Amino acid sequence: MSTNSFHDYMDPKSRINARQFSDDEEFTTPPKLSNFGSALLSHTEKTSVSQELSNKDDKITKPVFEEMNRSSSRSHPPSSMGNLTSGHTSTSSHSTLFGRYLKNNHQTSMTTMNTNDIEINVGNSLDKSFERIRSLRQNMKEDITSKYTERRSKRFLISNRTTKLGPAKRASTLTSIFDDVPNSSSQLISNLRETTESPLDDPSETKKNSDYESINFGDLNPIQYIKKHNLPTSDLPMISQIYFDKQREENRQAALRKHSSRELLSKTRSSSTPLASSNSLVNKDNSITSNNNSQPRRKISTGSSSSKSSIEIRKVLKENIDADNYSNLKSPVHKIYKETSGYKGSDSEKREVLRNISINTSHADSALQQDNKRLKRSLDDAIIHDNENIKNQEVFYHRPAPKPPVTKKVEIVEPIKSASLSNSRSVITVNDSQYEKIELLGRGGSSRVYKVKGAGNKVYALKRVSFDAFDDSSIDGFKGEIELLEKLKDQKRVIQLVDYEMGDGLLYLIMECGDHDLSQILNQRSNMPLDFNFVRFYAKEMLQCIKVVHDAGIVHSDLKPANFVLVKGILKIIDFGIANAVPEHTVNIYRETQIGTPNYMAPEALVAMNYTQNNENRQEGNKWKVGRPSDMWSCGCIVYQMIYGKPPYGSFQGQNRLLAIMNPDVKIPFPDHTSDNERIPKSAIELMKACLYRNPDKRWTVDKVLSCTFLQPFMISGSIMEDLIRNAVRYGSEKPQISHDDLNDVVETVLRKFADYKI
Ligand SMILES: Nc1ncnc2c1ncn2[C@@H]1O[C@H](COP(=O)(O)OP(=O)(O)OP(=O)(O)O)[C@@H](O)[C@H]1O
């Protein structure tokens, strides 16, 4: 019997009772994936806070231990890893924070301050400006510290509350927990009391609390302290709160010390003649600085050094003012001090005199400006130092602070606020069109994306990117991204760019607005049963997006779930942050920098980057290799996460994950069952393996993956199957010896027939 006669038995009409039937899928009940939610949550790039909550066996201490480890590893990355982890954690200049603060809080009242340049124009009275600056700075510091406190508070609340829940439940409770997090520390303490297992209104506990207030931590962090003194873990939140309060106070003192010494130093340095005591002042300043630097990060301050150093500084100032050659000084600042040096009144009276001295000459104005610039620098330094301290003690939050808004081209107009209007509402003008903010949609490495309302109440997504205005490579990068978005404007799989405007250090993109990104969608489904139709649908959607990008000769190179948004039911790529055009006939391209997310990054990209970062010969730049196969790897990681609940190397934490991805000896497991003992179709495993070959050359192309069996399953009926088996048996009885070639023929023919039943 020929193979052709075999086909005659295939009855194409038998579509009645059709059921979905893949090459190896025989599901009777929907598969489940127990750890999908928690594991997924732990690898979502945006919710680092929730990472530690994912482990079922987490104790209250574990998240904190891990954060401590992370914190220390951020501060001291191993040389082998270079700056791998620093990409997303670099902080922006804190002078920019100062500028932002001015903008947010004093835009209308501070007419003498320009947020672009933070130029302090003293105008009538230098001292008045000093006072303002000091108070602003103080407010700003309080603002910053209260925000950090609040974050820590949230963190502890989450630890306390979520450790009592199952791992999958924790994800869903995160949002609601954040919603009712208290704003003030006192409220925090009271909430902590409610949520910790041992009530603090117990007299013995209250006593313990007051005992703890006098803790001297020395070099220990709260965890170490608890371990050393064998204290119960339930005391950790309280001890940590005390610890952080002490830290904050120490930072405040250090910043104040530094500020006042710098300020003085800048005044004395402005003298054209060296002052007799300037060296001693410099030494003092240095010693203050070095004290701060050499101080162990978590050491608790004694608190008295600040006033001591300010007395010393005043003394030096007096010496400077009294110096004979002081009369040669031209600077108005010194002039003021000179004029008031003989004044015998109290400090406040003296300040009043200073305030009333007006400086009218043009020379004085320019000299004043110089003094002011110096002052501004010293303020910036102090703020940077202060915030570095805060950053060092910050263990739960590692998003870099956004850079300051620059309003040269794009102006942000705060609407007139009425009591009924929310404070967060504002209108952003881009190319003369106004957009009203509705809500924050998401945050990226250097951006915030808002849902906004434009003309005719049309809803858009407004992406606001801050970058270093003087960093040419950033500017080129953003221009490149805009070019790519414009190039792919007509593609349905790429988010549509409506308008954009680029100013110094700031870029606004107006795009069509998506509903949810893929990372949010995966989170939503985290505690639902695994559904291969869901996996199939989103894998296909994602591959369609990648296909458009690859066909246009572009490598995205930063693919992760958060880079895909669902716009009215269609998944689209939103971000080309580090994407680049692939030169003609070139398989790979080289990037100057790396910003990808390690969870989804291909090994060749990490290996090459690690090599160049550790390579002493940096003349050739930090270049790393990335090509279309790198995107396929990322795609494989996302499908893997959808099926197994976490990316391939998701079980590794921190830098171990990076090392594991780069290490060819660490193989990716492809279990054929989930942890809930649900069977995983071979076709799905085949797809994942095809994308996750270590060797980029072996990885399947996007077209090949799109046509694989898992994504293109057959829909055949039971009767077709019956016919097939009957024919096979008959065929076998008539032709017991079948050659290999004949068998292949039969298989191919049957598969061709089946193609009619692809769904
Ligand atoms: N057009 C859009 N519609 C809806 N949400 C969006 C849109 N663009 C961005 N978002 C949301 O904002 C988040 C951050 O956006 P985006 O990835 O573009 O920022 P990014 O700075 O490029 O981030 P990264 O550098 O980390 O990739 C997205 O994950 C998504 O949740």
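Order of appearance sets the numbers: ligands from 1, and atoms from 1 within every ligand. Quick note: residue numbers are just sequence positions, from 1. These numbers were taken from a predicted model, which means no experiment stands behind them.
Contact atoms of ligand 1 toward Lys560: 24 (P), 26 (O), 27 (O) (distance under 4.0 Å to a heavy atom of the residue). In the vicinity of Asp517, heavy-atom distances shorter than 4.0 Å reach the ligand 1 atoms 28 (C), 29 (O), 30 (C), 31 (O). Set against the non-hydrogen atoms of Glu512, the atoms of ligand 1 under 4.0 Å away are 1 (N), 2 (C).
The proximity of Ala562 to ligand 1, defined as any non-hydrogen pair under 4.0 Å, involves the side chain as well as the backbone. Of the heavy atoms in Lys451, none comes closer than 4.0 Å to ligand 1. Here Val465 has no heavy atoms under 4.0 Å from ligand 1, in either its backbone or its side chain.
For the residue pair Asp631 / His550, a side-chain donor-acceptor distance below 3.5 Å is found, with atom types taken as modelled.
Selection from Ser466, Gly442, Gly514, Ser519 by nearest heavy atom to atom 4 (C) of ligand 1 gives Gly514.
The local environment of OH in Tyr538 is crowded, with over 12 non-hydrogen atoms from other residues, nucleotides or ligands closer than 6.0 Å.
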- Should Ile638 and Tyr600 be marked as a side-chain contact (heavy atoms from CB on, under 4.5 Å) after you check the CA-CA gap, both sets of side-chain angles, and the distance that decides it? CA-CA 7 Å; Ile638 297 172; Tyr600 309 96; 3.9 Å; yes

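Nearest heavy atom pair, residue Ile570 against residue Lys492, reads CG2-O, 4.3 Å.
When the ring pair (Phe, Tyr, Trp, His ring centres under 6.0 Å) test is applied to Phe564, no partner is found at least two apart in sequence or on another chain.
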